[in-house]
Amino acid sequence: MTAKINLLDLDRAAMEAFFVTQNEPSYRAHQLLQWLHQYGVTDFDAMSNLSKKLRQKLAEVSEIKQLTPTLDQVAKDGTHKWLLRLEDGNCIETVYIPERTRGTLCVSSQVGCMLTCTFCSTGTQGFSRNLTVGEIIGQVFFAVRALSTDSGHHDRMITNVVMMGMGEPLLNFDNVVSAMSLMMDDLAYGLAKRRVTLSTSGVVPQMYELARVSDVALAVSLHAPNDELRNELVPINRKYPLAELMKACKDHFPADSKRKVTFEYVMLKGVNDTPQCAKQLVRLLEGVPAKVNLIPFNPFPKTNYVCSDEETIYRFQEIVMRSGLQTTVRKTRGEDIDGACGQLVGDFSDRTRRKERFLRDKVVVE
Ligand code: SAH
Ligand code: SF4
């Protein structure tokens with residue numbers, strides 16, 4: 001017997017192709033995508049606009065494999081962290097961060113990671129395997145349903161997705177691109193391209209490939225302003241040094257698009273947080289359409305790194321900002337559940353928010 005097809009593995013093109021093999025027209029594929037992703041219906045018999053015969057056939061040749069939550073932690077600030085179990089028993093993390101005007105889901109792309117960034121807990125845990133398309137989009141599928149059962153929320157709760165969970169998304173290229181296409185597909189989750197972000201540690205050849213096939217937002221985990229330090233913190237830099245990485249970033253978005261690459265920079269006390277580093281960073285980013293996101297280091301067991309002091313972080317921000325670069329400091333979220341899980345998580349707090357805070361403070365003063 002041949003294995004059943006997992007329908008969550010199929011993006012629009014693959015779903016259409018599958019329906020062709022079943023001698024069905026492509027609009028049936030579109031109906032199925034809507035049943036699955038928009039309505040969350042997994043019972044073929046409830047798919048009322050499909051004929052009985054087609055429903056039977058689908059039940060014979062296909063299935064819908066969902067992820068099982070083994071842990072659901074909710075922080076005081078509303079951040080959720082789920083541990084989701086895969087069919088083979090492996091577990092991955094998915095995190096949801098609610099904010100006033102948006103809700104961000106942080107999605108994993110691999111079980112573990114092959115790259116060994118020294119400040120990352122995933123990186124110190126080794127690599128197990130790539131996630132399938134169904135396991136990547138399955139995290140969105142799961143979270144949409146899990147959140148809609150929370151009391152009192154019926155609006156669209158997930159407005160943004162960031163590929164900042166476990167794993168290096170560009171080393172699972174095809175599956176990640178396919179899952180992201182479902183996130184943006186009007187028949188599935190319909191997110192705008194600016195609201196789906198891929199974060200990479202700098203796998204240069206695949207960055208060019210990504211620019212060719214997808215127009216999602218791009219974040220690059222920089223973390224150091226020179227090769228010597230970056231070789232140590234982000235070892236893939238030895239293969240693709242800064243000159244090559246910066247060139248790929250410069251060319252990533254069409255020049256007339258005004259889109260910028262977000263550079264993530266984790267603040268490690270006494271390692272990469274000096275004023276000299278800030279100045280070097282400014283020089284490195286000259287001529288690159290860039291914004292900078294400073295991330296307070298999130299400690300994990302057995303790490304030797306410590307997060308920079310708040311004062312040091314703001315001094316660093318000040319220097320970079322003075323050069324005209326938009327520079328934000330990520331807010332830590334879900335601290336009481338360790339929601340910041342090493343990576344991700346938190347706020348790309350932008351200028352608007354700073355202005356809001358400023359205005360709020362001002363009201364208080366007056
Ligand atoms: N592999 C990809 C995406 C997952 S990591 C990448 O490296 O970009 C998502 C982000 O979290 C990256 O910027 C990563 O460098 C950062 N990160 C990892 N460990 C961290 C920690 N302990 N504290 C703060 N940020 C961390
Ligand atoms: Fe992998 Fe990203 Fe962690 Fe580096 S920071 S080890 S690339 S998950």
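Numbering of ligands and ligand atoms starts at 1, following listing order.
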Considering only heavy atoms of [X], which atoms of ligand 1 have at least one such atom less than 4.0 Å away?
X	result
H223	13 (O), 14 (C), 15 (O)
G165	4 (C)
N298	21 (C), 22 (N), 23 (N), 24 (C)
M163	3 (C)
T200	6 (C), 8 (O)
C120	18 (C), 19 (N)
G167	1 (N), 2 (C), 3 (C), 4 (C)

Please report whether ligand 1 has a polar contact with P296, defined as an N or O pair separated by less than 3.5 Å (distance criterion only). no

In terms of atom number and element, which parts of ligand 2 are under 4.0 angstrom from non-hydrogen atoms of S201? 7 (S)

Atom indices of ligand 2, in the order listed, that fall short of 4.0 Å to a heavy atom of G123: 6 (S)

Matching residue for W82 among V95, D72, L67, T70 - test: side-chain contact (heavy atoms from CB on, under 4.5 Å): D72

For T42, run the side-chain contact (heavy atoms from CB on, under 4.5 Å) check against L8, I64, L7 and tell me which one passes. I64

Could you tell me whether the side chains of [X] and [Y] share a donor-acceptor contact shorter than 3.5 Å?
X	Y	answer
N160	T104	no
E16	S26	no
D11	S178	yes

Mind checking whether atom 4 (Fe) of ligand 2 has an N, O or S of C120 under 2.8 Å? no

Taking the cut-offs as 6.0 angstrom to the six-membered ring centre and 45 degrees off its axis, would you call R145 and F141 a cation-pi pair? yes

Between Y265 and F316, what is the ring plane arrangement, given parallel below 30°, perpendicular above 60°, and tilted in between? tilted

Option set G167, S109, G112, criterion heavy-atom distance to atom 8 (S) of ligand 2, minimum: G167

Do any of the N, O or S atoms of C113 sit under 2.8 Å from atom 3 (Fe) of ligand 2? no

Check the pair S109 / N172 against side-chain hydrogen bond (donor to acceptor under 3.5 Å, both in side chains), numbers first and verdict last. CA-CA 7 Å; S109 57; N172 184 12; 5.6 Å; no

